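Structure record follows, encoded as structure tokens.
Computed from a predicted model, the values in this text were never measured in an experiment. The chains referred to below are lettered A, B, ... by the order of the sequence lines, with proteins before strands, and numbering in each begins at 1.
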Protein chains: 2
Amino acid sequence: MVTIYDIAKRADVSAMTVSRVINNSGRISPKTREKVKRIMEEMNYVPNSTARSLVKQETKMLSLLITDIMNPFFTTLARGAEDAALKLGYKLLFGNSDEKLSKEKEYVDMVLSTRVDGVLFAPASDESADHLAALQRHRIPFVLVDRDVPGIEADIVVGENREGADRLTSHLIRLGHRRIAIVNGLSTVSTARERFAGYVDALNRNGIPFDESLSLECGFNRFDDPEPLDRMLALPDPPTAIFAANNVLAVGVIGYLRDRNIGVPDLMSVACFEDVGLASALDPFLTVAMQPAYEFGYQGVKLLVERIRSKDTAERRIVRLPTDMIVRRSTGRPPV
Amino acid sequence: MVTIYDIAKRADVSAMTVSRVINNSGRISPKTREKVKRIMEEMNYVPNSTARSLVKQETKMLSLLITDIMNPFFTTLARGAEDAALKLGYKLLFGNSDEKLSKEKEYVDMVLSTRVDGVLFAPASDESADHLAALQRHRIPFVLVDRDVPGIEADIVVGENREGADRLTSHLIRLGHRRIAIVNGLSTVSTARERFAGYVDALNRNGIPFDESLSLECGFNRFDDPEPLDRMLALPDPPTAIFAANNVLAVGVIGYLRDRNIGVPDLMSVACFEDVGLASALDPFLTVAMQPAYEFGYQGVKLLVERIRSKDTAERRIVRLPTDMIVRRSTGRPPV
DNA sequence: TTGTACGCGTTATCAC
DNA sequence: GTGATAACGCGTACAA
């Protein structure tokens, strides 16, 4: 591998001079600068950022941890994060926890030893607190995205979960629904709790009592257990609408309904949080509370880099991104 | 930061002994091993992989470059790549070229200076050859995925592009279509060329002459110019079916048709390469030639790591992954 | 079983 | 303007 010394020898200068040319630091005569540059070209020299990281105590690498790489919300977020990172001079190390604490822990260990300069972190659940505490112990700056974690003081980019859920539920109520089910993520995840709260807000405001038997929880990354929904639909007074707490659950629910020949929206209205990527362009079907996923990533990295630069001095910052309700064909009046 | 020396001092041994404990190398008395381990725990020691990389001349990092991070095909591929990398003890550095050579070049430069151990590379086009040559000059092993590049000898994971396109087109012909258009990617991309060849194969075998006026090219990552399609549909003998060379183009085309009230499949059949992610679960609509995207990534990383381990000794390997045609509702008999 | 000396490629510091 | 030297944190080779 060609090193800074190889260049120095050929250019008949010291390694230090070469370093100064590379980094545009210090004063150098135009003549030697040109000469060194030419030789670097000739020898295809590329600085070794590993060595540089070692001495500078910074890697210029950021890490992004998401919980579901198959979910368009998170991939779009990743895209925003990458754009911001590149623009600010960082590389992005990429991780996917699948909502599993064990995978998340492995990833945190890796991140620690890689000495990334910061982490954009979408926690699997409240129990991620241990992992975040580990980052804090090691003074690795991080910013939370999408999900909050009780007990962890950190910069964060979040959506209007409560408001969005409220709006979606209110929309269903306006259409005439009174029996509205919620298919939620696990209550150990902040977004699930907030969306639940918004759902209840809307019910309360409209004088509809919350009915425990219309509430159901499962992992945000897969709708895998149809049995609770079976029970719900077998109720004497079954729901006429379902609020799914994210896109993946909505798609799961609609697949479930299709299998049972329950037409949407004729027999059942469905609304959800987050759009479904390409799908919505194919057939704009789902009524959704859309979040600016790209901005989640972009703003998150921006916050993170500012945090890195300001060290611990700056105070905690919370960026709250708006949610847009988009009404489409999956919601309609209840069957008569 | 706590270093190997801090541990050594506290444990009253040399740094070397600590290193041996960390790496399970050499013989160490159980007593000192335990003692060192305990102290590492106490002090929250995490080895600095930057320093380790510098001396071992390997980073245990792989890099994945894809062309469209919003495309479910590539994100699923990324997921497979990440799983394989983790399993084999590597981290994954993540990059997205947006099909742009300029972004690809920046990314290659970054990869070079980061000294990753290898790159899983989905090239933007044939012109990526320069970038790949740069990797070769610097002896960075790489494996191509999805797309081939003429003139570059490298391990590669590809799909059955020609066969898949042939099958899709044949399916349309069997349904009775004779005027079948192709909305293709740019012919500077190998997959576009191969899918075109498969399309023509099917036409020829069935005695249908290839008609230049039914052929159209645009970037694989966005269907952005409706004008050529306008012209095509204004033809005296317009197409009754469209073969879109990937999922993004298919979605674009269907959106276009919807805007003009051209019903699919009643007035126009549409078939395409690659599935559309969540969308297809929502409403299994598109007839597609589905590729095992996850396997693309998984096998790609596996090949890459084998290549890294065998250095230059092993011969070139080509992994060809099967394509499944899935017939759904977007294709039907031509209008009478 | 454990330790010493050195090198990995770069930059910071200080001297000239 | 430019250079010599030390240091970043760790592993290898060799010695004890």
Fill in: Charged N-O contact under 4.0 Å between A:Glu58 and A:Arg115
no

Any N/O pairs under 3.5 Å between the protein and nucleotides 10-13 of chain D? List them or say none.
residue : atom : partner : partner atom : Å
D:dC10  : OP1  : B:Tyr45 : OH           : 2.4
D:dC10  : OP1  : B:Asn48 : N            : 3.1
D:dC10  : OP2  : B:Ile4  : N            : 2.4
D:dG11  : OP1  : B:Asn23 : ND2          : 3.3
D:dG11  : OP1  : B:Arg52 : NE           : 2.8
D:dG11  : OP1  : B:Arg52 : NH2          : 3.2
D:dG11  : OP2  : B:Ser19 : OG           : 2.8

Worksheet item: Who passes side chain to side chain contact (heavy atoms under 4.5 Å, CB included) against B:Met70, sequence neighbours left out?
Response: A:Thr76, A:Arg79, B:Asp68

Worksheet item: Between B:Asp155 and B:Arg307, is the closest basic N to carboxylate O distance under 4.0 Å?
Response: yes

Worksheet item: Would you call A:Asp109 and A:Lys105 a salt bridge, taking side-chain N to carboxylate O under 4.0 Å as the test?
Response: yes

Worksheet, complete the sentence: Tested for side chain to side chain donor-acceptor pair (under 3.5 Å) against A:Tyr107, the lone hit among A:Ser63, A:Ser97, A:Ser102 is A:Ser63

Worksheet item: Which nucleotide of DNA chain C is the first, and which the last, in the 5' to 3' direction, to come under 4.0 Å of a heavy atom belonging to chain B?
Response: C:dT1 to C:dG9

Fill in: Distance below 4.0 Å between A:Gln57 side-chain N/O and D:dA7 OP1 or OP2
no

Discussion item. Just the rounded figure in Å: distance from P of D:dT2 to CG of A:Asp12.
Written reply: 12 Å

Item to complete: Check the distance between D:dG1's P and A:Lys35's NZ and give it to me in whole angstrom.
Response: 17 Å

Worksheet entry | Cationic N near anionic O, under 4.0 Å, B:Arg147 to B:Glu99 | yes

Fill in: Check ion pair B:Arg38-B:Glu34 (N to O, under 4.0 angstrom)
no

Worksheet item: In terms of the angle between their ring planes, are B:Phe73 and B:Phe296 parallel, tilted or perpendicular, with boundaries placed at 30° and 60°?
Response: perpendicular

